[in-house]
2 protein chains.
Amino acid sequence: MKKGMPERRRCARLASIFKTLSHPQRLYLLCCLCEKESTVGELGKACGAAQPVISQHLTRMRLEGIVESRRAGNHVHYSIADPHIPALIRSMEKISHE
Amino acid sequence: MKKGMPERRRCARLASIFKTLSHPQRLYLLCCLCEKESTVGELGKACGAAQPVISQHLTRMRLEGIVESRRAGNHVHYSIADPHIPALIRSMEKISHE
DNA sequence: GCAAAATATTAAATAATTAGAATATTCATA
DNA sequence: TATGAATATTCTAATTATTTAATATTTTGC
């Protein structure tokens, strides 16, 4: 196998991350977070989605290690946990050039 | 929104591509194809999966514009259709380094 | 400690994906 | 044109993901 190409076992892990990014709202949330750290409420407004849905998506991404959260008062601020994420999204954008 | 970050409508399209890559076998197939053009049979062996499954995955990726095929005799050779794919795969490898 | 605001969790119903088996198609060669 | 090898398609059952609604938790300010 060519140097740097992931083997089978690795692909399973990566595919799981891709799956997490394969939902339009989650991807949009992530794009918002690439811009700046935000609270759940702010993200809800940006997405035009109900609060529990946003919270669910964020939880999923947090468990996957993609975002992280910190509490400040009764707000929770979310941000990108993995610094490679913005590059991945930009890289993916090149694929879809319509 | 940070320059270059996709807006809501765009995210739907990108998410669709992410979804196509979010299956472990499809992702592995793609990694194999990054190495070299291969027939369905070769890919089946590399994946250890049944022929119809491989064929289904390849068809899906072909419809998404990610891979392409050419027939030679009664073999069908698949290869990467989008030149940005290898960079994407490399980009994604940086994500999960556990 | 109580009420209100912000966020999180749970459960039930619905929808989408996947795997597997069976069958069909395409092409080369006899 | 009949046969075999390679690939593709179709259908269905099983699994997994998503949506929606209801409820719970956490924290602040009184």
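Naming convention: chains lettered A, B, ... in sequence-line order (proteins, then strands); numbering from 1 in each chain.
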* To do: With a 4.0 Å heavy-atom cut-off, tell me which residues in residues 38-59 of chain B come close to DNA chain C, sorted by residue number.
  => Pro52(B), Gln56(B), His57(B)
* **Value in whole Å for how far the C1' atom of dA17(D) lies from CE of Met61(A)** => 16 Å
* Check whether any side-chain heavy atom of Arg60(B) lies under 4.5 Å from a side-chain heavy atom of Lys19(B), and answer yes or no. => yes
* Asked: Are the side chain of Arg62(B) and the backbone N or O of Ala81(B) linked by a donor-acceptor pair below 3.5 Å?
  -> no
* Mind calculating the distance between CG (Leu21(A)) and C1' (dA17(D)) to the nearest angstrom? => 15 Å
* Asked: Tyr78(B) or Ser22(A): which one's nearest nucleotide on DNA chain D is closer to the 5' end?
  -> Tyr78(B)
* Got a second to check how far Cys11(A)'s SG is from Phe18(A)'s CZ, nearest 0.5 Å? -> 9.5 Å
* Asked: Once you round it to whole Å, what is the distance between P of dT19(D) and CD of Gln25(A)?
  -> 7 Å
* Nearest-nucleotide wise, let me know which of Lys19(A) and Ser69(A) is further upstream toward the 5' end of DNA chain C. => Ser69(A)
* Structure fact -> To the nearest angstrom, the CG-P distance between Leu29(A) and dT18(D) comes to 13 Å
* Asked: Within the distance-only criterion (no hydrogens, no angle test), does the side chain of Thr20(B) pair as donor or acceptor with the backbone N or O of Ser16(B) below 3.5 angstrom?
  -> yes
* **chain B contact limits on DNA chain C, taken 5' to 3' with a cut-off of 4.0 angstrom to heavy atoms** => dT17(C) to dA28(C)
* To do: Give a yes/no answer on whether the side chain of Arg71(A) brings an N or O atom under 4.0 Å of OP1 or OP2 in dT27(D).
  => yes
* Hey, what do you get for CD1 (Ile89(B)) to CG (Leu30(B)), rounding to the nearest 0.5 Å? -> 4.5 Å
Got a list of side-chain donor-acceptor pairs under 3.5 Å for residues 65-76 of chain A, not counting sequence neighbours?
residue	atom	partner	partner atom	Å
Arg70(A)	NE	Glu37(A)	OE2	3.0
Arg70(A)	NH2	Glu37(A)	OE1	2.8
Arg71(A)	NH1	Gly73(A)	O	3.3

* Heavy-atom side-chain contact between Leu21(B) and Met92(A) under 4.5 Å -> yes
* To do: For the pair Arg26(A) (side chain) and Ala15(B) (backbone), establish whether a donor and an acceptor sit closer than 3.5 Å, ignoring hydrogens and angles.
  => no
